[in-house]
Q: 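Input: one structure, supplied below.
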There are 2 protein chains.
Amino acid sequence: MPRVTIYSVAQACGVSSSTVSRAFTRPDLVKDSVRQRILAAAAELGYRPNKSARAIATGRTAMVGLVVPDITNPFMPPLVRAVQRAAGDHDWSVLLVDAEEQSAAEAELISRLHGQVDGLILASPRARSIDLQNAAEDLPCVLMNRVIRGLPSVVCDNGAALAAIGDQLVRDGHRRVALLGGPASSWAAQQRARTVRAWAARAEVVLDELKPYDASFDGGREAGAALLATGTTAAFAFDDVMACGVLAELASRGVAVPGDYSVVGCDDVLLARMVTPSLTTVTAPFGELGRAAVELLRESVAEPEGRPSRVTLPGVPVTRASTGPVAARTP
Amino acid sequence: MPRVTIYSVAQACGVSSSTVSRAFTRPDLVKDSVRQRILAAAAELGYRPNKSARAIATGRTAMVGLVVPDITNPFMPPLVRAVQRAAGDHDWSVLLVDAEEQSAAEAELISRLHGQVDGLILASPRARSIDLQNAAEDLPCVLMNRVIRGLPSVVCDNGAALAAIGDQLVRDGHRRVALLGGPASSWAAQQRARTVRAWAARAEVVLDELKPYDASFDGGREAGAALLATGTTAAFAFDDVMACGVLAELASRGVAVPGDYSVVGCDDVLLARMVTPSLTTVTAPFGELGRAAVELLRESVAEPEGRPSRVTLPGVPVTRASTGPVAARTP
DNA sequence: CTGAAAGCGCTAACAA
DNA sequence: TTGTTAGCGCTTTCAG
């Protein structure tokens, strides 16, 4: 069974291969009647344009590389979905690369993608800025959840949402809250810490910044244990996963949430709804983040030398069951 | 800056382009000294083989399509990672396609991949068997967690593990347990139901099969509510996600787990450790599942007409905090 | 609006 | 062991 190509279709229609090609890529250049005939014959024969051939002829692969530091982090799947959907809207396929938490390996993985994809979306990359900048020399790149000089990026600004949740805490009587920072090297962690600090200053709340914990469930457990010694009545965790660890630790120590202690997460991953109590957190606009990233990447592909854009999307506060009024001190 | 191709490298070395090509693809056919020279020049010039060109010349894209029904299901990320790692070991890239829970769309998505990938791994596909069989006509396919006549597949057998957990339940005094089946159309759900039934018969335990619930957190909540009316003291949930829903519902109704009721999940996704109490469940051997799938796919690509193999890997029981002895009836 | 022809970068006989 | 020569399937000038 010989493969069906533009030539088979052309022959079947009595036109030249170029006309068939045009019928698919520049339909406006082909007379209506002819185009119809071609499309019909193509469908009939089961013709599928060969992507590789097209790629080699045009220099475009119609693929975008999506590099994630850790696909098992619940933040990623919704993001992957969003990116993929947005990419699909432009007939781009997504080549997924999971760095398996090896930040040092990211650069290497990225360089492997060269020539295979038209551009890269780097979701919360952990590699060194310099390596990322180098990677971007070769290939259009868009960052998500990180900002690096000279590169386009889309980030989520949780400042207002965290402040709103903080204000509610204050109304609930909390006067002293803890901040559980994420890894010091994480851009998002720095960002969130900064906005929480700013809020605390404004709200005249005492903020206890605990040492950075790992952005993981176990990191959260550690943090949860440490929390108890602080005299705080509420905590902002770096993200939902860490917050879950805090919840688990508090539960194991018989501390009631939100009765005795309030916990705030961030990102609103699926998990946030699944734990008991469900987490008060900040919903990341996954869909829009993905769309924006793809949009920026298209710009960057179209105009590699253009000035890098930055898109900032606000997170949305959601109050659930992990926060509440400070318990009346019953001695 | 002209792109660097085998020709640039050839010229730089004073050899022909084919020799350069060989130096990369069939190094054994090139004299050592020459190969060294070529590799050095290539590195110097920053040569990267163009995948599309190679694909069009060889008919192989070195890509595998990984189709998942729902990337946000926590079962998938570890599987994606495993497949990707195994694929990478053979220098295959992974094109990820998330069907976004639209089982009807799967077939369409699959057919889009035709020509773009050398083969397909379909993880827990929900499309109709006939559509999947048709897809496989065009393209080597391997199924995961589903068995369809004529297609190679790798599945996880949780029978022994579930039985072991069940036996422990019996030792803990449980005499009547519930089975929360997943969606009736799910192969895995049928499979699990079957093995639990078999165990119950053997163990002489009364099994209450509740109507199929959605394999989701909310499905689990519903199930949890229904459970209370059954007179059972323990339940096998279809998977961990559903089990989490059950936990949440029981918690909200003041039912202590495992004090008043025991809950068993399945798969051991990250989530299983994060909930309180942590879930007794069956660990799926993700790494091996991924490796096996890639291995079968390679066979299938090499020998499209070969008899389809089947690999079955056993799940491993893990006892955590969601199961325990039946509470003494205190009237 | 359509066809002829020249590549895109690489591989794979076939010769040498 | 190496070079020559055709392609792979598609796009894209350039003529017509």
Side-chain angles (χ1 to χ4, degrees), chain A residues 1-39 41-42 45-63 91 93 112-118 138, chain B residues 1-39 41-42 45-63 91 93 112-118 138:
Chain A
M1 52 216 75
R3 286 191 295 281
V4 16
T5 69
I6 43 172
Y7 298 104
S8 346
V9 178
Q11 195 153 34
C13 292
V15 298
S16 84
S17 61
S18 347
T19 304
V20 176
S21 172
R22 286 191 198 100
F24 285 97
T25 50
R26 307 289 318 273
D28 50 304
L29 296 184
V30 178
K31 187 165 44 164
D32 244 46
S33 60
V34 179
R35 181 158 38 81
Q36 310 263 317
R37 210 144 44 83
I38 292 175
L39 263 32
L45 299 177
Y47 166 74
R48 332 282 206 102
N50 179 316
K51 305 273 194 172
S52 302
R54 184 174 280 178
I56 204 193
T58 59
R60 297 221 168 303
T61 60
M63 295 207 290
D91 281 311
S93 301
R112 264 208 236 297
L113 289 173
H114 187 267
Q116 246 189 125
V117 298
D118 292 338
D138 291 346
Chain B
M1 51 214 76
R3 286 191 296 281
V4 18
T5 70
I6 44 172
Y7 298 105
S8 347
V9 178
Q11 195 153 34
C13 293
V15 298
S16 85
S17 61
S18 355
T19 305
V20 176
S21 172
R22 286 191 200 101
F24 286 97
T25 51
R26 306 288 318 271
D28 49 304
L29 296 184
V30 177
K31 188 167 40 164
D32 245 46
S33 61
V34 179
R35 182 159 38 83
Q36 310 263 319
R37 210 144 42 84
I38 292 176
L39 263 32
L45 299 176
Y47 166 75
R48 331 281 206 105
N50 179 317
K51 305 272 194 173
S52 303
R54 185 173 281 178
I56 205 195
T58 60
R60 297 222 168 301
T61 59
M63 295 207 289
D91 281 310
S93 301
R112 265 207 235 299
L113 289 173
H114 187 265
Q116 243 187 129
V117 298
D118 292 338
D138 292 345

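In this text the structure is predicted, and so the values were computed from the model without any measurement.
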Q: Using a cut-off of 4.0 Å on non-hydrogen atoms, how would the nucleic acid contact of B/T19 be classed: base, sugar-phosphate, or nothing?
A: sugar-phosphate

Q: Check the distance between D/dA6's C1' and B/I6's CD1 and give it to me in whole angstrom.
A: 14 Å

Q: Once you round to the nearest 0.5 Å, how far does OG of A/S8 lie from CZ of A/R3?
A: 10.0 Å

Q: How many whole angstroms separate atom CZ of B/R26 from atom P of D/dT1?
A: 12 Å

Q: Taking all heavy atoms of B/S21 and all of B/I6, pick out the closest pair and write down the distance.
A: N-CG2, 4.2 Å

Q: Let me know the distance between CZ of B/R60 and P of D/dG9, rounded to the nearest Å.
A: 14 Å

Q: Any protein N or O atoms within reach of nucleotides 13-16 of chain D? Criterion: under 3.5 Å, listing atom names and distances.
A:
unit_1 : atom_1 : unit_2 : atom_2 : d
D/dT13 : O4     : A/R22  : NH2    : 3.4

Q: In whole angstrom, give the distance that lies between atom CD1 of A/I38 and atom P of D/dT11.
A: 12 Å

Q: Sort out for me which residue in A/C13, A/S18, A/S17 forms a side-chain contact (heavy atoms from CB on, under 4.5 Å) with A/V15.
A: A/C13

Q: Rounding to a whole Å, what distance do you find between B/Q11:CD and D/dG3:P?
A: 13 Å

Q: Nearest 0.5 Å, please: how far is OH in B/Y7 from OG1 in B/T5?
A: 7.0 Å

Q: Closest approach of B/A41 and B/V9, non-hydrogen atoms and distance?
A: CB-CG1, 4.3 Å

Q: To the nearest 0.5 Å, what is the distance between CZ on B/R22 and OG on B/S16?
A: 6.5 Å

Q: Checking A/T61 side chain against A/Q116 main chain: does a donor-acceptor pair fall under 3.5 Å?
A: yes

Q: From A/R48 CZ over to B/D138 CG, what is the distance, rounded to the nearest 0.5 angstrom?
A: 6.0 Å

Q: Which part of the nucleic acid does B/Y47 contact within heavy-atom distance under 4.0 Å: base, sugar-phosphate only, or nothing?
A: sugar-phosphate

Q: Partners of A/R37 by salt bridge (Lys or Arg N to Asp or Glu O under 4.0 Å), sequence neighbours excluded?
A: none

Q: Just how far, in rounded Å, is P of D/dG7 from CG of A/N50?
A: 18 Å

Q: Remember a base hit wins even if backbone is also touched, and classify B/T58 as base, sugar-phosphate or nothing at under 4.0 Å, heavy atoms.
A: sugar-phosphate

Q: Between A/M63 and A/K51, is any pair of side-chain heavy atoms under 4.5 Å apart?
A: no

Q: Classify B/S52 by what it touches in the nucleic acid, base, sugar-phosphate, or nothing, heavy-atom distance under 4.0 Å.
A: nothing

Q: Below 3.5 Å, can you tabulate the donor-acceptor pairs from side chains in residues 29-36 of chain A to any protein atom, sequence neighbours excluded?
A:
unit_1 : atom_1 : unit_2 : atom_2 : d
A/D32  : OD1    : A/R35  : NH2    : 2.4
A/R35  : NE     : A/P27  : O      : 3.3

Q: I'd like to check the salt bridge (Lys or Arg N to Asp or Glu O under 4.0 Å) partners of A/R112; sequence neighbours left out, ordered by chain and number.
A: A/E108

Q: I need the CZ-P distance between B/R54 and D/dG9, as an integer number of Å.
A: 18 Å

Q: Of all the choices, D/dG7, D/dT11, D/dG3, which nucleotide is nearest to the side chain of B/A57 once you look at every atom?
A: D/dG7

Q: Got a sec? Which of residues 27-35 of chain B come in under 4.0 Å of DNA chain D, heavy atoms?
A: B/L29, B/V30, B/K31, B/V34

Q: Which is the 5'-most and which the 3'-most nucleotide of DNA chain C that has an atom under 4.0 Å from a heavy atom of chain A?
A: C/dC1 to C/dG9

